[in-house]
Amino acid sequence: MRVRHKPWAEERLKDFPQYVIQQPESHKGKWKEVFGNNNPIYIEVGTGKGRFMTEMAKAHPNVNFIGIEVFTSVIVTALDLLIENELPNLKLMNIDAVNLRDYFDKGEVNRVYLNFSDPWPKKRHAKRRLTYKTFLSIYEDILPNQGEIHFKTDNQGLFESSLMSISEYGMLLTFISLDLHNSDFEGNIMTEYEEKFSSKGDRIYRLEARFQ
C-alpha cells in the first residue's frame, strides 16, 4: 500500500490518548479496565482509515472494538473519524500486528477481523500475509478457545491461499462466500476498499473460521 507521509500524524495521535492507546503493553490483561466494562473485544488488524470499525462500533454498542494499524499516516484518518463520532466503545492502536502477544493475554480478544489486507502476491512474500500460519498462531494466542477470524478480500489469489493456510492450520471454516455482495449474507459493513472495488464490479470474497 502506498502511503502519503504525514509528518504531523504522530504528534496528533499523541494529542488524543482517550482514543489512541499510547502504551498498549501496559494494558495487557487489563483491557476490561480500559473500556470500563466486561463486553467482548473485537479487533481489526489493518484498520486503515477506520470506516469499518467506526460503523461496527455504531452498530454494536455492546461490543468493544480496537482498530490496529501500523501506518501512522493512515490511522490518523481513522482518528479523525473517531473524534467526529465520539464512540466510547472504539479505540485505536498504532502498532505492528506481529507484536499482538505483547499487548493481549490469552482470551482477551474475542474476534479478529482482517479486511482487504495486502495480498503480498509474490511467493517469496507469503510469510507477510496476515493469514499465514505465523500470524494464525499469534491470533490463536490472544483469542479464546474456538475464537473466530473473519476475513474479506477482493483478491482471489489471497483468498485461495488463505483458505489453504487456514485449513492446513487445523481451523474450522464455518462460512465461505465467493461473491459476498450477491449472496444472502446479512449485516455486511463495507470498508473503503470494499466500496471502491465492488463499485467497479469486482467480486468480494469472505470467510469465517474458528480455532478448534
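Keep in mind the model is a prediction, meaning the values are calculated, not measured.
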Checklist entry - Relative to each other, are the rings of F16 and Y19 parallel, tilted or perpendicular (30° and 60° limits)? => result parallel

Checklist entry - Where does the angle between the aromatic ring planes of F197 and Y193 fall among parallel (under 30°), tilted (30 to 60°) and perpendicular (over 60°)? => result parallel

Checklist entry - Checking side chain to side chain contact (heavy atoms under 4.5 Å, CB included) for the pair H150/R206: CA distance, chi angles, key distance, verdict? => result CA-CA 8 Å; H150 292 193; R206 187 179 189 278; 3.3 Å; yes

Item to check | Aromatic ring proximity, centroids under 6.0 angstrom, Y113 and F151 | outcome: no

How about [atom1] on [X], more than 12 heavy atoms from neighbouring residues, nucleotides or ligands closer than 6.0 Å, or not?
X: K196; atom1: NZ; result: no
X: K152; atom1: NZ; result: yes
X: K127; atom1: NZ; result: no

Checklist outcome for this item: The side-chain hydrogen bond (donor to acceptor under 3.5 Å, both in side chains) partner of T131 among S162, S117, S165 is S162

Item to check | Within 45° cone of W120 ring axis and under 6.0 Å: R129 NZ or CZ | outcome: no

Which pairs of donor and acceptor atoms, one on a side chain in residues 80-89, lie under 3.5 Å apart (sequence neighbours left out)?
residue, atom, partner, partner atom, Å
D80, OD1, R12, NE, 3.1
D80, OD1, R12, NH2, 2.9
N85, OD1, K58, NZ, 3.0
N85, ND2, L81, O, 2.8
N89, ND2, A57, O, 3.1
N89, ND2, H60, O, 3.2
N89, ND2, V63, O, 2.9

Item to check | Worked check of ring pair (Phe, Tyr, Trp, His ring centres under 6.0 Å) between F211 and Y139 | outcome: CA-CA 9 Å; F211 293 97; Y139 310 145; 7.6 Å; no

Item to check | All side chain to side chain donor-acceptor pair (under 3.5 Å) counterparts of T153, not counting sequence neighbours | outcome: none

Checklist entry - Going by an N to O cut-off under 4.0 Å, is there a salt bridge joining E33 and K30? => result no

Next on the checklist: Minimum heavy-atom separation for I66 and L90, please, with both atom names.
Outcome noted: N-CD1, 4.4 Å

